[in-house]
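Before any comments, here is the structure.
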Amino acid sequence: KAGVTQTPRYLIKTRGQQVTLSCSPISGHRSVSWYQQTPGQGLQFLFEYFSETQRNKGNFPGRFSGRQFSNSRSEMNVSTLELGDSALYLCASSLVSYQETQYFGPGTRLLVL
Amino acid sequence: EDQVTQSPEALRLQEGESSSLNCSYTVSGLRGLFWYRQDPGKGPEFLFTLYSAGEEKEKERLKATLTKKESFLHITAPKPEDSATYLCAVQALFSGGYNKLIFGAGTRLAVHP
């Protein structure tokens with residue numbers, strides 16, 4: 001069974017730009033969660049999508065948004081990028097809830113200049 | 001304040017030298033505790049889920065245990081390939097009546113031949 005895939009793997013943007021990251025969950029998994037990982041803050045929960053609806057949300061500004069498609073694939077968008085948005089963005093999938101065992105993708109490393 | 005604390009931050013072991021990593025938490029209503037392993041530049045890889053005090057789980061050289069206030073990840077006779085960052089995450093009923101998943105900062109383990 002294929003694992004969680006994320007594209008692109010690496011991205012360089014400049015301040016003020018916007019970025020869209022993509023995540024394909026494990027087949028049959030309906031819950032997709034997004035996390036930001038930085039050396040200073042560790043892994044922080046962004047949001048969770050289930051059946052095309054945002055079900056849970058962490059403490060991030062509205063510049064961070066996402067969506068989920070009918071095939072459970074998900075995208076995350078960050079608008080008006082700031083230097084502090086440089087991080088590893090991880091997507092994780094689980095059968096029905098982010099509170100169950102999650103399987104993570106390899107991540108997208110975003111560098112904002 | 002609800003939090004998850006992992007110690008030590010970093011641990012250096014000689015091959016074959018057994019040790020334990022700690023994950024302590026201050027939450028009310030623990031619903032589950034997860035252990036993950038993360039290699040540099042990769043997403044976390046699921047290891048164990050523990051649900052109640054007294055529960056233990058094993059996988060190869062790793063054994064996870066859970067008490068009411070903390071969890072230990074015991075590493076027996078480690079090998080260099082066990083070098084990684086080990087993350088724990090706590091799922092609990094937090095203040096406000098909602099469920100939340102919080103990750104610790106991780107323990108960086110280096111095993112030298």
Side-chain angles (χ1 to χ4, degrees), chain A residues 1-11 21-26 29 31-48 50 54-60 76 87-111, chain B residues 1-10 21 23-25 27 29-52 55 57 59 64 66 71 84-108:
Chain A
K1 196 182 242 186
V4 178
T5 59
Q6 292 186 246
T7 57
R9 294 294 313 279
Y10 304 94
L11 209 48
L21 312 181
S22 180
C23 171
S24 292
I26 292 172
H29 284 193
S31 169
V32 175
S33 300
W34 289 90
Y35 294 85
Q36 181 194 68
Q37 187 174 36
T38 60
Q41 299 296 321
L43 255 174
Q44 292 186 288
F45 173 69
L46 280 156
F47 32 64
E48 180 207 11
F50 180 84
Q54 188 181 89
R55 188 161 65 173
N56 288 286
K57 190 176 187 302
N59 297 324
F60 278 81
M76 188 190 90
L88 180 67
Y89 289 89
L90 292 160
C91 164
S93 77
S94 55
L95 280 172
V96 291
S97 169
Y98 85 114
Q99 292 154 8
E100 301 174 325
T101 300
Q102 296 180 81
Y103 297 89
F104 284 81
T108 293
R109 186 162 296 282
L110 172 66
L111 177 62
Chain B
E1 182 184 346
D2 301 317
Q3 59 182 8
V4 177
T5 304
Q6 290 189 247
S7 62
E9 287 187 18
L21 313 182
C23 172
S24 64
Y25 54 90
V27 302
L30 176 75
R31 299 207 168 190
L33 185 143
F34 305 86
W35 281 99
Y36 287 86
R37 166 195 170 127
Q38 186 174 23
D39 293 298
K42 295 186 177 181
E45 174 190 344
F46 169 73
L47 293 173
F48 304 109
T49 306
L50 302 167
Y51 291 104
S52 57
E55 190 174 358
K57 288 194 177 172
K59 179 181 178 180
L66 181 64
S71 175
T85 295
Y86 290 84
L87 299 165
C88 80
V90 170
Q91 175 203 331
L93 181 62
F94 286 92
S95 56
Y98 61 95
N99 292 324
K100 198 172 178 182
L101 185 65
I102 292 185
F103 279 80
T107 293
R108 293 189 313 277

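So you know, we letter chains A, B, ... as the sequences are listed, proteins then strands, and number each from 1. Note that the coordinates shown come from a computational prediction; the quantities given were computed from them, not determined experimentally.
- The shortest distance between side-chain heavy atoms of A:Ser33 and B:Leu101 does not fall below 4.5 Å.
- Looking at B:Phe48, neither its backbone nor its side chain comes within 4.5 Å of chain A, counting heavy atoms on both sides.
- Rounding to the nearest 0.5 Å gives a distance of 4.5 Å between OH of A:Tyr35 and CZ of B:Phe103.
- If you measure heavy-atom distances from A:Leu43 to chain B, the contacts under 4.5 Å come from both the backbone and the side chain.
- B:Gln38 approaches A:Leu88 most closely through the heavy-atom pair NE2-CD2, 4.2 Å.
- Closest heavy-atom contact between A:Thr101 and B:Tyr36: C-OH, 4.2 Å.
- The two residues A:Leu90 and B:Pro44 have their closest heavy-atom pair at CD1-CD, 3.8 Å.
- The minimum heavy-atom distance between B:Leu87 and A:Gln37, with the atom names listed, is CD1-NE2, 4.5 Å.
- If you measure heavy-atom distances from B:Glu45 to chain A, you find no contacts under 4.5 Å at all.
- In this view, B:Lys57 and B:Glu55 satisfy the salt bridge (Lys or Arg N to Asp or Glu O under 4.0 Å) rule, not counting sequence neighbours.
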